[in-house]
There are 2 protein chains.
Amino acid sequence: MKKVTINSVAEYAGVSKKTVSRVLNNEPNVSPATREKVLKVFKELDYTPNPIARGLARNRSFIIGCLYDNPSKSYITRVQSGALEACHKHNYNLLIHPCELRGEALIENIEHLLTTSRLDGLVLTPPFSDSQELIEFLQKKGINYARVASAIEDETSISVRSNDEQGAFEITEHLISLGHTRIAFIKGHPDHSATEQRFSGYQKALAEHNIAFDAELVAEGNFSYHSGADSAKEILDLQPRPSAVFASNDYMAAAVLKLATQSKLNVPEDISIAGFDNAPIARHIWPGLTTIAQPVEEMTRQAVEQLILQISDPDVEKTQTTLEAKLIVRESTSKL
Amino acid sequence: MKKVTINSVAEYAGVSKKTVSRVLNNEPNVSPATREKVLKVFKELDYTPNPIARGLARNRSFIIGCLYDNPSKSYITRVQSGALEACHKHNYNLLIHPCELRGEALIENIEHLLTTSRLDGLVLTPPFSDSQELIEFLQKKGINYARVASAIEDETSISVRSNDEQGAFEITEHLISLGHTRIAFIKGHPDHSATEQRFSGYQKALAEHNIAFDAELVAEGNFSYHSGADSAKEILDLQPRPSAVFASNDYMAAAVLKLATQSKLNVPEDISIAGFDNAPIARHIWPGLTTIAQPVEEMTRQAVEQLILQISDPDVEKTQTTLEAKLIVRESTSKL
DNA sequence: CGCAAGTCTGACACCGGTGTCATAATGTCG
DNA sequence: CGACATTATGACACCGGTGTCAGACTTGCG
């Protein structure tokens, strides 16, 4: 398997390598005859251009990196799927890089990432979207980035978010409209800005309907199924038991459902349960979870799309977009 | 933000770029004084070497590609997590590339991938692990690859699998030992070799215990939750109803559980349900699913580890490894 | 002290493409 | 048919590193 380079193609076709390069990139000013000839040699020698060499010359890798630190697998796959869609549309590829926000050496870690592969841009997903430290580092290094689902308003960088507070408000109001007043809440991971947003939506809905906020009804979770199970235990033991639980994501809601069922409670007759995200599990269990559909793929897709735009033209305006979240009512919530 | 290259560092430090390169790569034969001086300039200028230039010179990208076409998100994230572990250990990065086995242009798709990013190797996950067409293409192109969970015995390439047939045999035997004889089976996607393996394990266990195989009890699934729900409908309508269902993966088993519960059947009292894979959902639902734990992360980790070994030394022996699957009994199966 | 071996360092080609610019070939038009 | 615009092509530097090799400088030891 000897290597076929642009030089061998040029030699074989009897033209200069620049002409081969022109054919390769569909540049104008190549006579049809020459183009044909070169294309034939491509086939004959089974030539594939070397992306690294091309990258060096153009100072581009056509690779976008995706950063995440998230216990929800489904969130991650949705993020990836949206990012990939945008990448492939523009002939980019996606490199994934999970790492810990609280790791002792986040910046070193990212620095190492940038030393081992040159990335044209970075998509930051929660909780990185809100990491001031990381953002400053990227700016200093002059790395393009886009932020997904960040709470920070920042006109100097691309950001696509969904309205978490509004979503949490709506789902809480949904529970209230069903007659619930004693509604427990499970918080998400403190590093995620969504946690505060969703909590705030919950509180605002209570206030709006003159229901006193009761700190006893609030449990600390971290978005993981496991943390949901722990919180569920606390909540189900409360006296009197809340008639509804709103968990900050579907995994934790699923955990509440599992523990309630194990305790011989009927859902939703004995207790209503609501989640957030519309993760696959929300419809894979019975009863299906009432939840808020967050357009994760779409957010990420738009973020990456903007990012690629910015890579090709650094002067393009950096947009801030907010997408709507949508209430999805399933079987896990019912009238009191 | 002006670029800091090896040339500027060399000039600033008053040494040749080769010496800078030596310091960069921790090569011997640099006097401590010179090394110090250069390292100081690195800091001072905030120099980061360009991975693309390095890649060109070394003919390496230090990027591994991961191919998949799989409806199970949890399978994919487990694959990614195992692959990432091995990659990061050796300073590689991971590029993900989902694509369709049956897409009109698989080879063109992969060719395009290789044209847009130079990958040092490829991890093939099911169903690509068994795609003869793809494997021939990669061999022709001289691309290193490793196959995960493939059924094909092939001494010429790296392969790490788990014993699916044995696992299916065990779980079927588990059901039989509980007194079940009318055991329905839901097949996986026909493109996946695991489908045939698991089916075969099911049949062998029946035979071993002198239970006649009944084709009526076999439904065609494709590993997706949705297909499991379709199959579940068929199976639950059978007269008499089977007393147990063994679905080829946990998503389909979860679908059976959901439909059974919706039909007011109690699991496992009225019907036992078993899955395969030990996906997160198996323990996130109630009752938890009896299933086979497949070491997906470990398989992928080992495959990538071998792959990286092969990249650095093409003459290293290509190993074939088989890992054990393990029966996990939860609440979804019980005595007849 | 002299010579061989070992340590440091830099000049230079090279990896495989792309950008710039000069020049040759062809076309257009009065 | 000559002057000029346009198209086609190649020479050459360059992207930012690494590999090879030669030469200068140390060191060890008989």
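Reminder, nothing fancy here: chain letters follow the sequence lines and each chain counts from 1. These values consider heavy atoms only, across backbone and side chains, with no hydrogens, waters or symmetry-generated copies.
Partners of Tyr12(B) by side chain to side chain donor-acceptor pair (under 3.5 Å), not counting sequence neighbours, listed by chain and number: Glu44(B). Taking Glu153(A) as the reference, Arg161(A) meet the salt bridge (Lys or Arg N to Asp or Glu O under 4.0 Å) condition, with sequence neighbours excluded.
When heavy atoms are screened at a 4.0 angstrom cut-off, Pro49(B) is found touching the sugar-phosphate backbone but no base atom.
Distance CD (Glu27(B)) to P (dC21(D)): 15 Å, rounded to an integer number of Å. Rounding to whole angstrom units, CG of residue Leu45(B) and C1' of dG16(D) are separated by 15 Å. Rounded to whole Å, atom P of dG17(C) lies 20 Å from atom CZ of Arg58(B). As a whole-Å value, the separation of Leu56(A) CG from dG16(C) P is 12 Å. Per the geometry, CZ belonging to Arg54(B) stands 11 Å off C1' belonging to dG16(D), to the nearest Å.
Between Phe42(A) and Tyr47(A), the ring-plane angle classifies as tilted under the 30° and 60° cut-offs. Taking the six-membered ring where tryptophan is involved, the planes of His97(B) and His88(A) are tilted, since the angle between them lies from 30° to 60°.
Rounded to 10°, the angle separating the first-five-pair axis and the last-five-pair axis of the helix from dC1(C)-dG30(D) to dG30(C)-dC1(D) equals 40°.
Using a 4.0 Å cut-off on heavy atoms, none of the residues of residues 114-122 of chain B approach DNA chain C.
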Quick one, give me the B/S/- string for nucleotides 5-12 of chain C, reading 5' to 3', where B means a protein heavy atom under 4.0 Å from the base and S means that only happens at the primed atoms, P, OP1 or OP2.
--SSBBB-
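Side-chain N/O atoms of Tyr47(A) include one lying less than 4.0 angstrom from OP1 or OP2 on dG17(C). Between Asn50(B) and the phosphate of dC15(D), there is no side-chain N or O to OP1/OP2 separation shorter than 4.0 Å.
Among dG17(D), dG16(C), dG16(D), the nucleotide with an atom closest to any side-chain atom of Lys3(B) is dG16(D).
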Side chain to side chain donor-acceptor pair (under 3.5 Å) for Glu298(A) and Gln302(A)? Distances and angles first, verdict last.
CA-CA 6 Å; Glu298(A) 183 59 20; Gln302(A) 290 195 18; 2.8 Å; yes
Could you walk me through whether Val4(A) and Thr48(A) pass side chain to side chain contact (heavy atoms under 4.5 Å, CB included), step by step?
CA-CA 7 Å; Val4(A) 181; Thr48(A) 317; over 6 Å; no
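Within the structure, side-chain hydrogen bond (donor to acceptor under 3.5 Å, both in side chains) contacts touching residues 32-42 of chain A (residues at least two apart or in different chains) are Ser31(A)-Thr34(A).
The backbone N or O of Glu27(B) sits nowhere less than 3.5 Å from a side-chain atom of Asn25(B) that would complete a donor-acceptor pair.
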